[in-house]
Amino acid sequence: ILGHLSSVYCVAFDRTGRRILTGSDDCLVKIWATDDGRLLSTLRGHSAEISDMAVNFENNLIASASCDKVIRVWCLRTCAPITVLQGHAASITSIQFSPSAKGTVRYLISTGADGTVCFWQWHSLSLKFNERPFRFTERSRPGVQISCSSFSCGGMFLATGSTDHVIRVYYLGSESPIKLAQLESHTDKVVAVQFCNNNDGLRFVSGSRDGTARVWHYQQQEWKSIVLDMNSKLPGSSVVPVEDKAPKLNVTMVAWDRGDSSVITA
């Protein structure tokens, strides 16, 4: 598919799989038909690169985040603009709709290079967004960025990773979001977090530039983790001489298999 004028770093499917969404450094979001690659719509309004996109679970909204510090929300059916949300003082690094569907209250969350996490509340029937988010400023020191985020499959918990090596866990089951935990086991930037796919346990995996991933699970009212070291050798593999050792490995991506029995890192 050709259509953007610059690099494309954001790609997503809608919830039916019939539409592909692309976000580009040309400041545009485009919607394509999956079956024949036909361009269905171009969404304009951002003034800088698209950094992330999300589709809500009812499959009627698309949200885009940009380096222009702005979130734009469109109707996925008509492609009409719904709202413009401004709550960050720097580029937005990730955006997620919560899967939780209690009553008519929903949440969209965004994380930023300004070290903040914003919880945007919206109404599922009127599609009206509260323009003032619940905001958490997580700057343990100047320059800290929140780099990644992931919701639990039920949408009650959010995990974020940041450049200060800290993972933070938030809870959305109260009247307003609350921070539950700060996990400080990594020794370098946390660049990836991902909750497991199923609801049989509260587990997520984190990946860091310290060369490890950690599988976290909630047990006896605390978060515990198992370390996955990228430098570990498989059983039976040959030992590499010290002088031939490769440079330090970074974990840049993490994922679960569909049944949550395996973790994949890159």
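- Side-chain atoms of Asn197 come within 3.5 Å of backbone atoms of Asp257 as a donor-acceptor pair (strictly under, hydrogens ignored).
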**OP:** Could you give me the CA-CA distance, side-chain angles and deciding distance for Val29 and Ile50, then say whether side-chain contact (heavy atoms from CB on, under 4.5 Å) is met?
**Re:** CA-CA 8 Å; Val29 174; Ile50 309 301; 4.1 Å; yes

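- Here the closest non-hydrogen pair linking Asp25 and Ser6 is CB-OG, 3.4 Å.
- Distance alone, capped at 3.5 Å, places no donor-acceptor pair between the Ser206 side chain and the Ala213 backbone.
- In summary, Arg209 and Asp188 do not engage in a salt bridge, as defined by a charged side-chain N under 4.0 Å from a carboxylate O.
- The two residues Phe136 and Pro177 have their closest heavy-atom pair at CZ-O, 3.4 Å.
- Between the Ser162 side chain and the Ile146 main chain, no donor and acceptor come within less than 3.5 Å of each other.
- Here the side chain of Ser147 pairs a donor or acceptor atom with the backbone of Val190 at under 3.5 angstrom.
- In summary, the aromatic rings of Trp216 and Phe195 are positioned with their centroids too far apart to meet the 6.0 Å limit.
- Heavy atoms of other residues, nucleotides or ligands lying less than 6.0 angstrom from NZ of Lys189 number 12 at most.
- Arg72 contributes a side-chain N or O that, together with a main-chain N or O of Gly45, makes up a donor-acceptor pair within less than 3.5 Å.
- Side-chain atoms of Thr265 do not come within 3.5 Å of backbone N or O of Val254 as any donor-acceptor pair.
- Proximity of a side-chain donor or acceptor of Thr252 to a complementary backbone N or O of Ala266 within less than 3.5 Å is detected.
- The nearest pair of heavy atoms linking Cys79 to Ile31 is SG-CD1, 3.9 Å.
- By the rule that hydrophobic residues join a cluster once side-chain heavy atoms approach within less than 4.5 Å of another member, Leu158 and Leu183 end up as members of separate clusters.
- For the pairing with Tyr171, the ring pair (Phe, Tyr, Trp, His ring centres under 6.0 Å) check across Phe157, Tyr218, Phe134 returns one residue only, Phe157.
- The local environment of CG in Leu125 is crowded, with over 12 non-hydrogen atoms from other residues, nucleotides or ligands closer than 6.0 Å.
- With hydrogens and angles ignored, the 3.5 Å screen pairs a side-chain donor or acceptor of Ser66 with a backbone N or O of Glu49.
- Shown here are the ring-ring contact (aromatic ring centres under 6.0 Å, His included) partners of Trp122, two or more places apart in sequence or in another chain: Phe97, Phe129.
- Between His4 and Thr22, the shortest heavy-atom distance links the atoms NE2-OG1, 2.7 Å.
- The closest side-chain heavy-atom distance from Ile20 to Asp14 is not below 4.5 Å.
- The shortest side-chain heavy-atom distance between Phe119 and Pro133 does not fall under the 4.5 Å cut-off.
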Subject >> side-chain contact (heavy atoms from CB on, under 4.5 Å) evaluation trace for Gln121 with Val105 >> reply: CA-CA 7 Å; Gln121 198 175 80; Val105 175; 3.6 Å; yes

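- Atom CZ of Arg139 has more than 12 neighbouring heavy atoms from other residues, nucleotides or ligands inside a 6.0 Å radius.
- For CD of Glu58, the number of neighbouring non-hydrogen atoms (other residues, nucleotides, ligands) closer than 6.0 Å is greater than 12.
- Nearest heavy atom pair, residue Trp32 against residue Gly37, reads CE3-O, 3.5 Å.
- Proximity of a side-chain donor or acceptor of Arg135 to a complementary backbone N or O of Arg132 within less than 3.5 Å is not detected.
- A salt bridge links Glu138 with Lys179; the closest basic N to acidic carboxylate O contact falls under 4.0 Å.
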**OP:** Give the intermediate values and the outcome of side chain to side chain donor-acceptor pair (under 3.5 Å) for residues Ser208 and His165.
**Re:** CA-CA 8 Å; Ser208 169; His165 317 169; over 6 Å; no

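- Between Asp210 and Arg214 there is no salt bridge, since no side-chain nitrogen of the basic residue lies less than 4.0 Å from a carboxylate oxygen of the acidic one.
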Original post:
Step by step, would you call Leu40 with Arg19 a side-chain contact (heavy atoms from CB on, under 4.5 Å)?
Top reply: CA-CA 9 Å; Leu40 301 176; Arg19 286 171 287 195; 3.8 Å; yes

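- Side-chain contact between Tyr170 and Ile178: absent, with no pair of heavy atoms (C-beta onward) separated by less than 4.5 Å.
- Scanning both residues, Glu131 and Trp120, for their nearest heavy atoms gives O-CZ3, 3.4 Å.
- Other residues, nucleotides and ligands contribute over 12 non-hydrogen atoms within 6.0 Å of the CZ atom of Arg15.
- The backbone N or O of Val117 lies less than 3.5 Å from no partner atom in the side chain of Thr111, so there is not a single donor-acceptor pair.
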**OP:** Apply side-chain contact (heavy atoms from CB on, under 4.5 Å) to the pair Phe57 and Ser98, showing each step before the final yes or no.
**Re:** CA-CA 8 Å; Phe57 285 75; Ser98 169; over 6 Å; no

